[in-house]
2 protein chains.
Amino acid sequence: MSTTGRGLHGRVLDTLGPEITAGEYPPGSVLRTDELAQRFDVSRSVMREVVRVLESMHLVESRRRVGVTVLPSREWNVYDPQVIRWRLAGADRPRQLRSLTVLRSAIEPVAAGLAARNATAEQCAELTECALGMVAHSRGHKLEGYLFHDVAFHRVILTASGNEMFARLGDVVAEVLAGRTHHDVMFEDPDPAAVTLHVQLAEAVRARDAARAERLTREITEGALQELDILAP
Amino acid sequence: MSTTGRGLHGRVLDTLGPEITAGEYPPGSVLRTDELAQRFDVSRSVMREVVRVLESMHLVESRRRVGVTVLPSREWNVYDPQVIRWRLAGADRPRQLRSLTVLRSAIEPVAAGLAARNATAEQCAELTECALGMVAHSRGHKLEGYLFHDVAFHRVILTASGNEMFARLGDVVAEVLAGRTHHDVMFEDPDPAAVTLHVQLAEAVRARDAARAERLTREITEGALQELDILAP
DNA sequence: GTGACGAATAAGTCTGACTTTTTATGCGAG
DNA sequence: CTCGCATAAAAAGTCAGACTTATTCGTCAC
């Protein structure tokens with residue numbers, strides 16, 4: 001599931017990145033490239049590349065004669081998929097999941113409204129297909145199959161919106177949905193009301209009813225907020 | 001205004017990054033590290049660091065025996081502030097500005113609603129201060145001063161929402177607002193209605209009226225959409 | 001046509017020397 | 001005692017070159 005994997009450089013990043021995002025080094029901590037290279041048993045060249053990437057994510061700042069300083073989390077590029085993954089794997093997973101769910105509640109209704117205007121016939125077909133898949137896996141502990149179609153559904157919506165910024169959140173939504181299914185409590189079958197809403201949403205998009213699509217999505221995301229005990233606006 | 005600047009590495013990035021995001025190399029194009037190093041007159045070490053950063057932004061992919069392949073824009077980390085800046089500086093600035101304005105229209109109303117619940121007394125004070133600043137600079141071609149307070153206003157709203165994902169969009173909103181003032185048509189004074197809305201919004205937040213704050217912000221962002229001839233939902 | 005083997009290629013890695021910037025220290029002057 | 005300047009030290013930045021490794025492509029045998 002890890003994206004980086006490839007190469008020595010990636011392996012070091014996969015260790016150091018999570019450590020930093022987990023807050024193991026408080027903001028202002030100073031790391032030395034040489035020490036890190038020694039610790040990970042890699043050359044300074046590799047270590048420098050790692051530091052450069054961390055720097056581009058605004059996790060650290062590298063200054064001469066000082067070292068590599070860990071930045072406060074307020075500076076981090078929290079939209080970087082890599083950073084999101086690291087944080088979801090770490091200790092403040094719950095907080096992260098809440099932040100992302102609130103983000104979803106802002107983005108997805110608007111995206112659905114746009115999708116209702118811009119979706120191609122093919123995308124409409126995909127949407128109903130996904131909704132049917134959700135229905136088919138909504139009973140009898142078929143959680144994995146349900147999740148698969150749920151993720152695909154939201155991905156299509158975001159893509160069909162025609163807005164690249166929205167489309168790029170597909171992975172984020174996938175992580176959030178997967179997180180709910182795997183880590184949090186969801187032993188039972190999914191809420192039947194949610195399934196119905198998805199079916200209706202697919203229909204609304206195909207009918208080019210933007211207002212209805214937006215309203216239905218708002219109901220869906222409000223459900224997601226309530227699951228995390230976040231009071232709905 | 002450029003963030004990278006520092007070091008040889010940063011200067012190369014500031015040239016190559018914009019070239020890629022401007023679409024100068026079509027997706028699938030292959031660059032060679034050695035050639036690039038020669039072109040920029042830097043060592044391969046430096047060039048490798050640059051490639052690593054571009055790779056972490058998903059602008060390129062580096063594969064052995066093949067070279068550095070430019071990825072399609074659909075893959076790019078479009079939320080990376082660096083990437084956003086590069087794209088805003090390039091040819092598809094208008095498209096980018098539209099995407100970001102739509103994003104604003106989704107995020108800011110929700111953020112304002114949360115701000116009305118979570119804002120501290122100090123943040124409320126800042127907000128009214130900014131609103132007053134906007135009023136003071138709303139007549140007589142004081143566009144720069146108006147912009148300054150406008151940016152500060154929206155930054156406070158996003159921060160006060162208490163959601164880190166929203167807070168991180170402060171820079172993006174700043175870029176969009178600055179873009180409108182500097183590049184697009186805005187020779188005259190700002191729309192008086194918009195100014196009023198900001199004043200009312202500051203008031204709504206202080207009064208802890210989330211619904212009203214959200215509604216007012218929706219009006220503000222709808223105005224921004226209309227300025228770019230984007231049909232409002 | 002297919003499969004395997006081998007050669008070419010470009011990225012990946014390591015090492016060690018050197019440069020540059022920034023900070024701290026310490027000395028001397030006031 | 002304090003201020004300021006010069007000097008030294010520390011860590012990142014840069015470079016050059018040699019070597020390794022994975023991948024692809026071409027060729028040859030079957």
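The 5' end of DNA chain C is approached more closely, in terms of each residue's nearest nucleotide, by A:S45 than by the other of A:V66 and A:S45. Mapping A:R64 and A:V46 onto DNA chain C by nearest heavy atom places A:V46 closer to the 5' end of the strand. Comparing A:R65 and A:R52, the nucleotide of DNA chain D nearest to each residue sits closer to the 5' end for A:R65.
Less than 4.0 Å separates DNA chain D from at least one heavy atom of each of the following residues of residues 30-43 of chain B: B:V42, B:S43.
The span of DNA chain C lying next to chain B, judged by atoms under 4.0 Å from heavy atoms, is bounded 5' to 3' by C:dA8 to C:dT13. Reading DNA chain D from its 5' end, the first and the last nucleotide to sit under 4.0 Å from a heavy atom of chain A are D:dA9 to D:dT14.
A heavy-atom distance below 4.5 Å is not found between the side chains of B:L147 and B:L143.
A search for ring-ring contact (aromatic ring centres under 6.0 Å, His included) contacts involving B:H154 returns B:H198, not counting sequence neighbours. Taking A:S161 as the reference, nothing meets the side-chain hydrogen bond (donor to acceptor under 3.5 Å, both in side chains) condition, with sequence neighbours excluded. In this structure B:F166 satisfies the ring-ring contact (aromatic ring centres under 6.0 Å, His included) test with no other residue, sequence neighbours excluded.
Here A:T101 contributes atom OG1 and B:N163 contributes atom CG; the two are 10.0 Å apart, rounded to the nearest 0.5 Å. Taking CD from B:Q96 and OG1 from B:T21, the interatomic distance works out to 9.0 Å, rounded to the nearest 0.5 Å. With values rounded to the nearest 0.5 angstrom, B:R87 atom CZ is found 6.5 Å from B:S73 atom OG.
The residue A:R48 sits close to a base: some heavy atom pair falls under 4.0 Å. Note on B:S62: only backbone sugar-phosphate atoms sit closer than 4.0 angstrom, heavy atoms only; bases stay farther off.
Pairing each heavy atom of B:L228 with each of B:L97, the nearest pair is CD1-O, 4.0 Å. Minimum heavy-atom separation, B:E164 to A:S99: OE2-OG, 3.4 Å.
Between the side chain of A:Y25 and the backbone N or O of A:V70, no donor-acceptor pair lies under 3.5 Å.
Side-chain contact annotation: B:E144 with B:H182, donor-acceptor N/O pair under 3.5 Å present.
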